[in-house]
Amino acid sequence: KGCLSGWKKFGCSCYYISTEKKTWNESREDCQGRGADLVVINSLEEHAFIKALNYRAWIGLTDLEVKRTWRWVDGTPLTTSYWNWMEPNNYGGNEHCVQLYLIDSDPVKAWNDAPCSHDYQWICERLSA
Ligand code: 2F8
Ligand code: CA
């Protein structure tokens, strides 16, 4: 059916939601080991799908390379965003990785910048067969 067992299909992609919690870098390495990468969210439809998967999880967005310049792990710049109210705020001055974080009932807003070294669940994306 196009996706490995345990993965969920949406559009042309398959998505894996971890049960473990890891740092952003370790999460990304886990995805790469699965022939995937951290999820890149390209549309409101995909964003809505991702929102329904988890309450709080790393996604493939970071400004580790150029501070306050958000880039997806596939190298594309951020053109459409779904930040939570008041985010990204670089709270404590060390927030360079982005997580899905459903802190309110807004149907669209859902992203928070957080410290990359913190452990959270994560979501991988790979092309479906
Ligand atoms: O109030 C928003 C703020 O909430 C937390 O900090 C207190 C978040 N920290 C973590 O998720 C680690 C901030 O990123 C967030 O901006
Ligand atoms: Ca934040």
Side-chain angles (χ1 to χ4, degrees):
K1 103 176 168 23
C3 294
L4 295 168
S5 99
W7 293 61
K8 294 179 194 300
K9 190 167 185 344
F10 179 80
C12 296
S13 293
C14 302
Y15 300 83
Y16 170 87
I17 310 98
S18 77
T19 48
E20 287 177 275
K21 295 180 180 181
K22 290 181 186 287
T23 67
W24 189 89
N25 272 297
E26 290 166 348
S27 299
R28 187 166 187 210
E29 283 165 14
D30 174 276
C31 290
Q32 290 172 332
R34 299 172 189 276
D37 206 335
L38 285 170
V39 61
V40 172
I41 300 173
N42 301 107
S43 69
L44 183 60
E45 291 73 22
E46 184 181 22
H47 175 65
F49 169 80
I50 295 301
K51 270 194 72 173
L53 293 179
N54 200 287
Y55 159 72
R56 180 147 158 157
W58 289 127
I59 62 174
L61 188 63
T62 178
D63 76 342
L64 279 170
E65 281 185 35
V66 184
K67 298 310 167 208
R68 299 299 100 184
T69 298
W70 299 100
R71 268 185 198 288
W72 292 106
V73 288
D74 67 2
T76 55
L78 186 62
T79 50
T80 308
S81 65
Y82 306 105
W83 296 109
N84 266 319
W85 176 243
M86 301 285 275
E87 306 294 346
N89 63 355
N90 195 20
Y91 189 89
N94 190 33
E95 298 197 310
H96 303 300
C97 292
V98 180
Q99 57 183 201
L100 178 75
Y101 188 16
L102 307 185
I103 51 175
D104 65 35
S105 57
D106 191 292
V108 174
K109 300 185 187 327
W111 298 352
N112 175 45
D113 57 343
C116 305
S117 60
H118 285 209
D119 292 339
Y120 296 107
Q121 286 175 259
W122 65 93
I123 301 172
C124 308
E125 177 183 7
R126 61 176 287 173
L127 243 43
S128 63

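Distance check: Asn94 CG to Cys116 SG gives 7.0 Å after rounding to the nearest 0.5 Å. In this structure, NE2 on His118 lies 8.0 Å from CD on Glu95, to the nearest 0.5 angstrom. Taking CD from Glu125 and CD from Glu46, the interatomic distance works out to 5.0 Å, rounded to the nearest 0.5 Å. Interatomic distance, SG of Cys97 versus CG of Asp63, reported as 8.0 Å (0.5 Å rounding). Within the model, atoms CG of Leu100 and CG of Leu61 stand 12.0 Å from one another, a figure rounded to the nearest 0.5 Å. Between Asn25 atom CG and Trp58 atom CH2 the span is 9.5 Å, to the nearest 0.5 Å.
A search for side-chain contact (heavy atoms from CB on, under 4.5 Å) contacts involving Arg71 returns Pro77, not counting sequence neighbours.
Here Phe49 and Tyr15 bring their ring centres to under 6.0 angstrom of each other. Residues Trp83 and Trp70 place their aromatic rings such that the two centres sit under 6.0 Å apart.
Put simply, the side chain of Asp37 does not reach to within 4.5 Å of the side chain of Arg126, judged on heavy atoms. With contacts defined as side-chain heavy-atom distances shorter than 4.5 Å, the pair Asn90/His96 qualifies. Between Pro88 and Val98 the shortest side-chain heavy-atom distance does not fall below 4.5 Å. For the pair Trp24/Thr62, a side-chain contact is recorded, criterion being any heavy-atom separation below 4.5 Å from C-beta on. Looking only at side-chain heavy atoms (C-beta outward), Cys124 and Trp7 come within less than 4.5 Å of each other. Using a 4.5 Å cut-off on side-chain heavy atoms (C-beta onward), Asn42 and Trp72 make no contact. For the pair Leu53/Phe10, no side-chain contact is recorded, criterion being any heavy-atom separation below 4.5 Å from C-beta on. Side-chain contact between Lys22 and Glu29 is absent, with no heavy atoms from C-beta onward closer than 4.5 Å.
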For this session: Check the pair Ser27, Leu38 against side chain to side chain contact (heavy atoms under 4.5 Å, CB included), reporting the backbone distance first and the verdict last.
Result: CA-CA 7 Å; Ser27 299; Leu38 285 170; 4.1 Å; yes
* Asked: After noting the C-alpha distance and the side-chain angles of Asn112 and Ile103, does the key distance pass the side chain to side chain contact (heavy atoms under 4.5 Å, CB included) rule?
  -> CA-CA 9 Å; Asn112 175 45; Ile103 51 175; over 6 Å; no
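Distance alone, capped at 3.5 Å, places no donor-acceptor pair between the Asn54 side chain and the Ile123 backbone. The main-chain N or O of Pro107 is found under 3.5 Å from a side-chain atom of Lys51 such that the two form a donor-acceptor pair. Side-chain atoms of Ser128 come within 3.5 Å of backbone N or O of Cys12 as a donor-acceptor pair.
Cluster annotation: Leu127 is not connected to Val39 through the hydrophobic network of ILVMFWY side chains, with a link wherever side-chain heavy atoms come within less than 4.5 Å. Residues Leu44 and Leu102 share a hydrophobic cluster, clusters being chains of Ile/Leu/Val/Met/Phe/Trp/Tyr side chains in contact below 4.5 Å. Note: the hydrophobic cluster containing Leu78 also contains Leu64 (ILVMFWY, side chain heavy atoms under 4.5 Å, direct or indirect links).
No more than 12 heavy atoms of other residues, nucleotides or ligands lie within 6.0 Å of OH in Tyr91, so this atom counts as exposed by the packing criterion. No more than 12 heavy atoms of other residues, nucleotides or ligands lie within 6.0 Å of NZ in Lys21, so this atom counts as exposed by the packing criterion.
Classified by interplanar angle (parallel below 30°, tilted 30° to 60°, perpendicular above 60°), the ring pair Tyr82/His47 is parallel.
Between Arg68 and Asp113 there is a salt bridge, with a side-chain nitrogen of the basic residue lying less than 4.0 Å from a carboxylate oxygen of the acidic one.
Between the side chains of Asp30 and Trp122, at least one donor-acceptor pair of N or O atoms lies under 3.5 Å. With 3.5 Å as the limit, one finds a donor-acceptor pair spanning the side chains of Asp74 and Thr76.
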